[in-house]
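Lettering follows sequence order; numbering is per chain, from 1.
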Amino acid sequence: MLEFAEAKYTDRTTLFVEVILPLAIAINYTYRVPLELNDQVAIGKRVVVQFGKSKLYTAIIARITDRAPEKYEAKYIIELLDDVPVVNREQLQFWTWMADYYLCNIGEVMNAALPSALKLASETKITLNKEFEFDRSELNDREYLIVDALDLQPELTVSDIAKLLGQKTVMPILKQLFEKNIIIISEEVSDRYKPRRKTYISINPVYHNSAQLQELFEILERRAPKQADAVLAYMKLSRQQKAVLKSELIEASGAGAAAIKGLIDKEIFFAEERTVSRLREGDEELEANFELSPAQQVALGEIKTQFEQKDVVLLHGVTSSGKTQLYIKQIEEMVNSGRQVLYLLPEIALTTHIVERLRKYFGAAIGVYHSRFNDNERVEVWQKVLNGQYRVVLGARSSIFLPFDDLGLIVVDEEHETSYKQFDPAPRYNARDAAIYMGNMYNSKVLLGSATPSFESYYNAKGGKYGFVELMERYGGVQLPATDVVSITEETKKKTIQSHFTSVLMQDIGNALTAKEQVILFQNRRGYAPVMVCRTCAYTPKCVNCDVSLTYHKSSGRLHCHYCGYREESPAVCPACGSTQLEYKGFGTEKIEDELQLLLPDSKIARMDLDTTRSKNAFQNILNELEEKRIDVLVGTQMVAKGLDFDGVTVIGIINADSLLKYPDFRANERAFQMLAQVSGRAGRRGKQGKVVIQTYDPGNRVLKQVIENDYIDLYNTEMPERKSYKYPPFYRLININIKHKEAEVLHNQAEYLAKELRQHFGDRVIGPEYPMVGRIRNYFIKSILLKFEKDGVSLPKVRATLREVILNYNTTKLSKGSIVQPDVDPY
DNA sequence: AGCACGCCGACT
DNA sequence: GTCGGCGTGCTC
């Protein structure tokens with residue numbers, strides 16, 4: 001076999017190419033190269049091929065050979081699309097690794113990697129780019145025909161256009177039209193990324209003149225006193241601060257939105273929308289030409305020293321310690337040495353704001369890549385990385401697929417974030433782990449950063465596999481919130497607890513509300529009550545699929561399964577014994593909201609959980625309301641913990657920390673630590689110390705203590721105390737025996753459930769947290785695997801081989817969604 | 001991923 | 001007797 005790059009063919013040699021098709025197919029297919037394309041075919045270029053009866057696909061050349069396939073006649077390549085390869089060798093290696101590691105087909109990786117505009121297929125939709133003006137007289141006949149047809153019918157497929165033109169080779173024409181920005185190659189109906197915008201108010205410069213202003217006042221006071229108030233408030237605010245927010249003005253003047261709108265309509269005020277950051281640490285942190293604090297300088301020095309020995313360094317820096325500045329220093333250094341940098345951020349943290357900041361340092365050499373960018377934009381970034389215009393790329397997880405050729409550094413910010421993990425279509429990769437493989441492949445350094453590192457990274461760092469640097473001092477002297485741990489047991493004894501709220505918490509809520517500040521209450525359970533029990537016979541309604549108790553939702557009056565979505569009417573009498581004595585046990589966000597409203601009838605209480613944020617903009621709407629201070633108390637699940645910043649929130653209450661701490665598995669402890677640290681980090685901002693109230697039945701809990709002391713769990717040595725409810729051993733044994741996570745990765749919770757079933761054969765040699773899942777799929781796997789065991793016996797390598805086989809042979813698209821996944825301890 | 005083929009239940 | 005459910009296999 002010959003590789004094209006190494007061989008020179010005469011014109012007569014018939015060449016064949018093995019191509020990657022963007023489909024879930026196990027192997028690459030071979031096509032015949034027309035003689036005239038002999039000198040042009042190259043690995044990484046795109047070709048159009050027919051696959052199956054009538055379908056055309058864009059495929060990528062993975063291999064070139066001069067040997068004809070023996071068992072079949074290869075079809076010809078229809079077209080060659082590129083002059084220069086769009087995918088380089090490193091990427092192909094990366095794809096191969098990913099397909100192998102995450103147990104999927106390379107075509108699926110290709111699908112995830114390439115922007116869809118680079119892989120048009122015969123069913124791909126073509127539309128006109130409405131935002132782009134162009135001169136039709138410059139179009140050639142065929143182009144004109146296409147544009148004309150799109151005027152009549154706004155959406156055509158590639159095969160429609162082939163019919164229209166009466167020819168098969170339409171891709172080059174479409175490619176040209178795409179490059180001229182005339183058409184859009186779609187699937188682009190998805191939501192575009194919207195930066196957060198705020199409205200700023202300024203006054204018409206005419207009124208900078210005090211005589212004019214005086215006159216205005218006189219008119220307004222007579223005709224529209226509310227508007228006069230607003231102008232007065234504006235004058236006052238604008239003296240204190242550079243820019244005046246509309247929301248601030250409404251609050252300060254008490255004039256209401258209508259009055260301000262009136263003023264805008266009369267052109268007395270001007271309104272301007274500006275993009276603002278969603279990041280917690282932004283404004284004060286990334287000033288141009290910042291100086292590193294002594295602690296930061298030490299950390300930076302350590303990072304450099306560690307990089308001499310290790311390829312991966314974990315930077316553990318507390319919130320607001322200024323990790324970003326360290327990244328910038330590292331990035332600058334790498335860019336100066338001429339190599340490329342990839343800066344990975346979790347989805348939520350990607351804002352135009354941070355890009356603007358980074359542009360100050362890196363100018364036009366910085367690109368942004370984001371799954372919610374439209375395809376034209378994505379292709380543009382792809383091309384600019386390919387031709388070397390971008391030296392730094394800032395992006396979400398999918399940016400690991402960009403065509404880097406000389407990557408020197410990968411920064412993975414907030415390394416513990418679960419949004420690095422792709423769940424839904426294969427490849428179900430974790431961008432952090434994939435970045436480490438990439439780092440290895442490109443011989444580049446990887447800097448992982450987090451305030452609450454994931455266990456596996458911490459483990460790898462402590463075990464010496466990664467370098468480890470700590471930065472435990474806050475930058476700019478931001479104050480830590482004060483934390484109170486309140487014993488629920490004690491308050492119950494003293495009868496000072498009202499419903500689920502201790503006197504300490506009520507006191508702090510009261511103080512905050514009096515001071516017109518806001519409160520967030522955290523309760524890690526949605527619904528009204530997680531269990532319904534019959535008092536007479538102890539019957540509990542369970543999900544028919546998942547065998548977990550159903551949660552009562554007051555808003556729907558029904559019982560819900562939180563794993564599979566199954567619902568049923570809440571029974572009025574016990575289905576088992578007919579008793580009417582049915583009791584709700586435990587409490588969720590709905591109940592907290594309800595009962596707090598009874599205690600604070602005049603306050604505006606809102607709830608944020610999966611149930612209230614299901615509709616499209618609900619999440620954002622709640623955040624906006626909170627920001628505009630239309631909510632006094634927000635009750636929420638873990639959603640409230642995610643990196644958003646609210647100046648008005650000074651009190652955080654954790655209703656029951658035990659619901660986070662009591663679980664016997666290590667993964668839950670990790671989540672608990674992160675959750676508590678993140679939630680409590682929300683309290684208090686600029687100049688005002690926050691307050692965190694943690695309610696618990698177990699004030700001596702170890703994890704809790706470590707959160708309060710900001711002492712990261714030494715997970716390596718953490719052994720869970722014995723409890724009779726423990727079914728499975730603690731985490732460290734998982735590392736030893738693990739049904740190697742590679743296999744499990746693909747199946748998510750399915751594999752975890754499997755682990756539970758496998759325990760029946762292997763006892764506690766098989767470890768993994770259990771998460772119930774939908775019956776049909778479970779049964780499929782359990783059945784196939786157990787049947788194999790009967791035949792083959794039960795040695796561990798066999799289990800692994802079996803798992804692999806079953807997983808690969810099952811069409812994973814048919815699986816229902818997973819809930820939780822365990823990242824790999826060893827991503828190599 | 002599509003698409004054809006094929007084997008069992010409920011229908012004009 | 002046929003329509004149509006989706007399980008299985010194949011596509012260079």
Side-chain angles (χ1 to χ4, degrees), chain A residues 1-4 13-35 37-38 41 43 45-81 92 95-96 98-99 102-125 157-160 162-163 168-169 171 185-187 422 424-428 746 774-784 787 805-816:
Chain A
M1 302 278 176
L2 292 161
E3 288 235 331
F4 180 70
T13 319
T14 301
L15 295 184
F16 295 88
V17 287
E18 286 175 21
V19 299
I20 303 168
L21 285 156
L23 299 171
I25 295 178
I27 56 163
N28 289 342
Y29 282 71
T30 307
Y31 286 84
R32 184 171 173 160
V33 180
L35 281 180
L37 290 179
N38 265 12
V41 286
I43 290 171
K45 286 189 183 177
R46 291 173 303 152
V47 290
V48 176
V49 293
Q50 186 179 16
F51 185 71
K53 256 195 137 74
S54 60
K55 286 277 173 291
L56 299 183
Y57 290 98
T58 304
I60 299 253
I61 301 177
R63 215 157 149 269
I64 300 171
T65 165
D66 59 358
R67 190 175 302 178
E70 286 159 17
K71 301 220 166 95
Y72 54 88
E73 184 89 350
K75 282 185 184 159
Y76 274 103
I77 289 174
I78 294 176
E79 295 165 45
L80 182 71
L81 290 177
L92 289 177
W95 291 6
T96 311
M98 186 172 272
Y102 290 105
L103 289 168
C104 66
N105 305 109
I106 197 162
E108 292 172 294
V109 180
M110 170 181 171
N111 255 336
L114 282 189
S116 50
L118 289 180
K119 48 173 196 223
L120 34 167
S122 45
E123 295 311 309
T124 308
K125 303 268 193 302
T157 65
V158 174
S159 49
D160 291 339
K163 259 183 246 157
K168 238 181 173 181
T169 55
M171 300 301 189
I185 295 168
S186 60
E187 269 115 300
Q422 160 129 338
D424 212 2
R428 295 173 172 80
V746 177
V774 182
R776 195 183 112 240
I777 300 149
R778 180 193 68 193
N779 293 341
Y780 176 86
F781 284 107
I782 304 309
K783 208 171 79 189
S784 11
L787 278 176
E805 197 181 315
V806 173
I807 291 163
L808 280 176
N809 287 334
Y810 192 73
N811 182 352
T812 50
T813 57
K814 288 180 195 159
L815 300 179
S816 69

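Minimum interatomic distance between Leu114(A) and Lys119(A) (heavy atoms only, all atoms of both residues): O-NZ, 3.1 Å.
Here Ala113(A) pairs with Trp95(A), Phe401(A) under the side chain to side chain contact (heavy atoms under 4.5 Å, CB included) rule; sequence neighbours left out. For Asn28(A), there are no side-chain hydrogen bond (donor to acceptor under 3.5 Å, both in side chains) partners, not counting sequence neighbours.
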Just the atom pairs and distances: protein N or O near nucleotides 10-12 of chain C's N or O, under 3.5 Å.
{"residue": "dC12(C)", "atom": "OP1", "partner": "Gly52(A)", "partner atom": "N", "Å": "3.4"}
{"residue": "dC12(C)", "atom": "OP2", "partner": "Lys75(A)", "partner atom": "NZ", "Å": "2.3"}
{"residue": "dC12(C)", "atom": "O3'", "partner": "Thr30(A)", "partner atom": "O", "Å": "2.9"}
{"residue": "dC12(C)", "atom": "O3'", "partner": "Lys75(A)", "partner atom": "N", "Å": "2.7"}
{"residue": "dC12(C)", "atom": "O2", "partner": "Thr30(A)", "partner atom": "N", "Å": "2.9"}
{"residue": "dC12(C)", "atom": "O2", "partner": "Tyr72(A)", "partner atom": "OH", "Å": "2.5"}
{"residue": "dC12(C)", "atom": "N3", "partner": "Tyr72(A)", "partner atom": "OH", "Å": "3.3"}

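The CE-C1' distance, from Met110(A) to dA1(B), rounds to 13 Å in whole Å. Atom-to-atom, CG of Leu23(A) to P of dG2(B) comes out at 7 Å; the value is rounded to the nearest Å.
Rounding to the nearest 0.5 angstrom, the gap separating the CZ atom in Phe51(A) from the NZ atom in Lys75(A) is 8.5 Å.
You'll find the side chain of Leu80(A) stays beyond 4.5 Å of the side chain of Val33(A), heavy atoms only.
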